Peer 1: 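Questions regarding the structure given below will be posed in turn.
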Protein chains: 2
Amino acid sequence: MPQPPAPRRTAGRPARISREEIIRTASRIVSEDGVDRLTMRRLATEVGSTPMALYHHVRDKEELLVLLLDDYADRSLHRPEPPPADPRERILTAAVAIHDVLAACPWIVEVLTADDLLSASALWFVEQIVAGLADCGLTLEQAVHGYRAIWYFTAGEILVRATSARRRATDDRPTYRDRVFAGLDPAELPHLSRIAPRWAPLTAQDTYEQGLRALLDGLLDQAPG
Amino acid sequence: MPQPPAPRRTAGRPARISREEIIRTASRIVSEDGVDRLTMRRLATEVGSTPMALYHHVRDKEELLVLLLDDYADRSLHRPEPPPADPRERILTAAVAIHDVLAACPWIVEVLTADDLLSASALWFVEQIVAGLADCGLTLEQAVHGYRAIWYFTAGEILVRATSARRRATDDRPTYRDRVFAGLDPAELPHLSRIAPRWAPLTAQDTYEQGLRALLDGLLDQAPG
DNA sequence: GCTAGTTTTCTTACATGTATAGAAACTTAC
DNA sequence: GTAAGTTTCTATACATGTAAGAAAACTAGC
């Protein structure tokens, strides 16, 4: 049983492709042809390798997409100059910035359920939100929970909205939702029945910032002072 | 060109399988062996048919999963008896009920991004929320937007949480998040660095209801009175 | 040089969702 | 009865993610 003697530099076959090259090429494919055209086979040929070789650099396709999103966020998120003086406005600005960048990312649905947002530049915005909540009188624990609430709200808004947009794009039939809302029983569901004709346009409105302000108001009420 | 003469009953080859039978069988497979074992081929053989025959009853596998979720929600959602007298409590009760049932559904991630929740029994809860918000003084439009904010928050919480739980279950390596939080720069991100050691347990806590109350407080502040 | 060990790459194979084309089984009109 | 039309089902085929294992290309120790 030979001892594995701590290799000083690099043992083994030298790598011909790198994670960075994979991400760079995948990013180009996505921006040129859309996320649907990003296949492991095509990516492999475009980096001059074979599909299975990619799997030594990314765990699976989902991890690749998360890395792509981080890369995208790093390039798209720009810090506000100067940051607002009021901590409440700093929080709102940071959350809206994250929201707008993610909502503009067409392949977001495949990825966003995967994990927190953790790119280097995104973390700065997280810091702004946590710090702003703390500056408003919340404890650090409360601030973390508050940030998570904002993140849940943001991710949910983006996902629900992106999915229904995609569904409309790939299907011109009336949606299941439309059919359900057309057949509501006014006796059982009076409010829904009354608003049913306006449900689609109402829920198509962008109310992210309005909801975010409400959530933030409620979170700040938790502060002792 | 023969006129298609309005068929009185049913023309064409009679169906051997029904949408109901498909959903029933799929539901059994999922409850017995998990959602990963639900394949169109297996489902087809278990209903005594072929894979492509299923596609005359459901558009694709995603729609099948949405139908499964609706079926599950219909069987799992129970109305509170009696409903709380206070409208604010009615809203909270309804939202928490939806949340808890969905969060307990293991295959939720595959489906929840698909659409609103529209099963018959779920709609009753939506009605409760919209009605409660209206009773608290919001206009009907504001109430719909308020419901949507609650839905975004709820869906986001469930999705983010379910995904990270699944990731922990299928992978024992330290997560990407752990590695990022271990290497934060205290000068750049002071609050995050300070809370980093406690980030994992803090974000593992169930704070759904707490966040929901904050959001609801903020939404009700929008009421004119 | 040679051997063992390590890391990366390549080959092959399989399970899966589903597109496509056409056959089968019915109803209606004649 | 036959023919046309309609709906459902079947057979075949393909693109995709990726598991399994062998092969390749290196380093370290002799």
Side-chain angles (χ1 to χ4, degrees), chain A residues 1-22 25-26 29-30 33-68 107 110-111 114 166-167 170-171 173, chain B residues 1-22 25-26 29-30 33-68 107 110-111 114 166 170-171:
Chain A
M1 188 188 291
Q3 304 287 344
R8 292 212 321 112
R9 215 54 198 270
T10 51
R13 180 173 177 164
R16 289 168 41 164
I17 56 179
S18 69
R19 189 159 164 150
E20 284 66 35
E21 185 186 1
I22 290 173
T25 306
I29 292 174
V30 167
D33 290 357
V35 74
D36 291 346
R37 298 297 177 80
L38 178 67
T39 69
M40 300 304 273
R41 280 166 229 267
R42 173 169 173 190
L43 179 55
T45 59
E46 297 216 5
V47 299
S49 186
T50 60
M52 291 313 290
L54 302 173
Y55 286 83
H56 275 268
H57 302 271
V58 297
R59 170 159 27 139
D60 51 24
K61 193 179 180 184
E62 183 175 318
E63 180 177 283
L64 173 65
L65 289 171
V66 172
L67 293 170
L68 274 187
W107 73 93
E110 278 87 352
V111 189
R166 167 179 308 199
R167 195 155 287 253
T170 61
D171 193 1
R173 292 185 290 178
Chain B
M1 189 188 290
Q3 304 286 343
R8 292 210 323 109
R9 215 54 200 269
T10 52
R13 181 174 178 166
R16 291 165 43 160
I17 56 178
S18 68
R19 188 159 164 149
E20 286 66 34
E21 187 186 358
I22 290 173
T25 306
I29 293 174
V30 167
D33 291 357
V35 74
D36 291 346
R37 297 298 177 80
L38 178 67
T39 69
M40 301 303 273
R41 279 165 230 265
R42 173 169 174 190
L43 180 55
T45 60
E46 297 215 5
V47 299
S49 186
T50 59
M52 292 312 293
L54 302 174
Y55 286 83
H56 275 268
H57 303 271
V58 297
R59 172 163 21 143
D60 51 23
K61 193 179 179 185
E62 183 174 320
E63 180 176 284
L64 173 65
L65 289 172
V66 172
L67 293 169
L68 274 186
W107 73 93
E110 278 86 354
V111 190
R166 166 180 305 200
T170 60
D171 192 2

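Note that the structure is a prediction, hence the values are computed from the model and not measured. In what follows, chains carry the letters A, B, and so on, assigned in the order in which the sequence lines appear, proteins first and then strands, with residues in each chain numbered from 1.
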Peer 1: State which of D/dA25, C/dC10, C/dT27 makes the closest approach to the side chain of B/A11.
Peer 2: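 Closest nucleotide to the B/A11 side chain: C/dT27.
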Peer 1: Nearest whole Å is fine: how far is C/dT8 P from A/L54 CG?
Peer 2: 14 Å
Peer 1: Should B/T10 be listed as having a side-chain N or O under 4.0 Å from OP1 or OP2 of C/dT27?
Peer 2: no
Peer 1: Have a look at B/A15 and say if it touches a base, only the backbone sugar-phosphate, or nothing, with a 4.0 Å heavy-atom cut-off.
Peer 2: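 Sugar-phosphate contact only.
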Peer 1: Looking at A/K61 and A/M40, what are the two nearest heavy atoms and their distance?
Peer 2: CG-SD, 4.0 Å
Peer 1: What pairs with B/T45 under side-chain contact (heavy atoms from CB on, under 4.5 Å), at least two apart in sequence or on another chain?
Peer 2: none
Peer 1: Going 5' to 3' along nucleotides 13-23 of chain C, which nucleotides have protein heavy atoms under 4.0 Å from the base (write B), which only from the sugar-phosphate (write S), and which from neither (write -)?
Peer 2: ---BBBBB---
Peer 1: Looking only at non-hydrogen atoms, find the nearest pair between A/I17 and A/V47 and report the distance.
Peer 2: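 In this case the closest contact between A/I17 and A/V47 is CG2-O, 3.8 Å.
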Peer 1: So, using side-chain contact (heavy atoms from CB on, under 4.5 Å) as the criterion, who are the partners of B/T50 when residues are at least two apart?
Peer 2: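 Partners of B/T50 by the side-chain contact (heavy atoms from CB on, under 4.5 Å) criterion, ordered by chain and then number, come out as B/A53.
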Peer 1: Can you tell me how far P of D/dA25 sits from CD1 of A/I17, to the nearest Å?
Peer 2: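 Spelled out: CD1 on A/I17 to P on D/dA25 is 15 Å.
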Peer 1: Looking at A/R16, I'd like to know whether one of its side-chain N or O atoms comes within less than 4.0 Å of OP1 or OP2 on D/dA24.
Peer 2: no
Peer 1: Applying side-chain contact (heavy atoms from CB on, under 4.5 Å) to B/L67 and B/I22, what does each step give before you reach the verdict?
Peer 2: CA-CA 10 Å; B/L67 293 169; B/I22 290 173; over 6 Å; no
Peer 1: Only counting residues at least two apart or in another chain, list the ones meeting side-chain hydrogen bond (donor to acceptor under 3.5 Å, both in side chains) with B/D33.
Peer 2: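 B/D33 satisfies side-chain hydrogen bond (donor to acceptor under 3.5 Å, both in side chains) with B/R42 once adjacent residues are dropped.
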